[in-house]
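Scroll down for the structure; my scribbles are underneath it.
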Amino acid sequence: MQFINKAIDRTDGNQITKTYLKNIRIEDEQRYPVDYDNSFRNLPNKHDSYYKQMTKVLLKNQDNHCCYCMRRLTGDHDTTLEHIIPQAADENILSYYQQEAFPMFNNQHIKLSKVFSHEENPNLSILPHTVCYDNLVASCYGLFPIQQGESAVEDKSGHCCNNVRGNKNALPLYFLADINSILLYCTNGSIIENENSEWANEAKYLIWNTKLMWTSLVDIREMWYVLRNVDLKKIAEAGNDPISRYDLIQDNLLDADFPLKRIMDLATKFKKDKYWECFLLYDWFYSITWNTI
Ligand SMILES: [Zn+2]
């Protein structure tokens with residue numbers, strides 16, 4: 001994960017929410033019936049909805065990466081908006097996220113949408129949580145190829161990040177500037193919590209509830225570790241030629257001194273086009289610091 005500095009794009013994000021609220025205001029009742037699944041996704045028009053506008057701002061804010069797994073995102077059918085405080089949250093769940101380290105979630109900034117929607121002329125400096133920039137982050141769908149005989153095909157169900165997390169606890173540790181010392185990436189592809197961090201428990205939940213130990217993710221991270229000293233251009237170009245790609249993978253795996261079975265498994269997987277394409281989406285891992293296990 002990388003530190004996400006919400007402050008940089010907050011003005012733009014909040015402006016989208018406020019414009020949306022003005023658009024849905026019911027004058028007779030002097031209130032704003034927030035509807036994330038309908039009006040937020042369809043107004044002012046489907047082509048350039050508030051949802052799409054918000055997606056653009058969030059992707060810019062996150063340098064076009066998934067908040068959880070660090071997959072590269074374009075915003076074109078590969079991005080979903082994650083609600084940190086879940087859409088269906090009640091006051092109890094809201095209070096879990098209202099911790100001192102996350103001032104953007106305190107009562108001066110955010111309110112449950114179901115409360116906000118029924119208030120007469122609510123103060124617009126406190127925004128409804130389902131459409132509030134601070135409560136939204138861009139995530140991937142967690143889609144990976146699956147092996148089918150000799151080839152690989154696109155899997156239709158998500159295996160990590162937003163959709164598998166659902167309503168489970170996931171404190172946004174990526175809003176903390178020292179996230180790199182809270183979550184550690186290991187040379188075997190695993191992601192672990194730093195047991196010495198005050199956030200160790202929350203980090204463990206975050207990894208578990210967003211399934212960041214999904215097999216393909218672990219394999220992809222391990223391959224980036226294996227190829228860490230290879231020129232990035234050479235890695236990118238290897239996609240054009242399956243034979244040189246296989247050589248590149250196998251040679252570097254042999255140098256890594258892994259058990260033979262692990263070498264064969266990884267080589268078999270990543271010589272397939274679909275796995276390799278997916279692997280390249282995770283080039284963020286090329287330049288990280290690895291934790292030796
Ligand atoms: Zn992801």
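Atoms within a ligand are numbered from 1 in the order they appear, just like the ligands themselves.
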Using the ring pair (Phe, Tyr, Trp, His ring centres under 6.0 Å) rule, take F285 and Y185 through it: C-alpha gap first, then chi angles, then the decisive distance, then the call. CA-CA 9 Å; F285 288 97; Y185 292 107; 5.0 Å; yes
Output, by chain and residue number, all protein N/O/S atoms separated from the Zn ion (ligand 1) by less than 2.8 Å. C66 SG, C69 SG, C140 SG, C161 SG
Is it true that the NZ or CZ of R228 lies under 6.0 Å from the centre of Y225's six-membered ring and within 45 degrees of the ring axis? yes
Test item: I16 and Y133 side chains (from C-beta on) under 4.5 Å apart, heavy atoms: no
Testing the 3.5 Å rule here: is there a donor-acceptor pair between the side chains of D241 and S244? yes
Inspect the contact between K204 and E202 and indicate whether a charged nitrogen and a carboxylate oxygen are less than 4.0 angstrom apart. no
Does the ring centre of H83 sit less than 6.0 Å away from the ring centre of Y36? yes
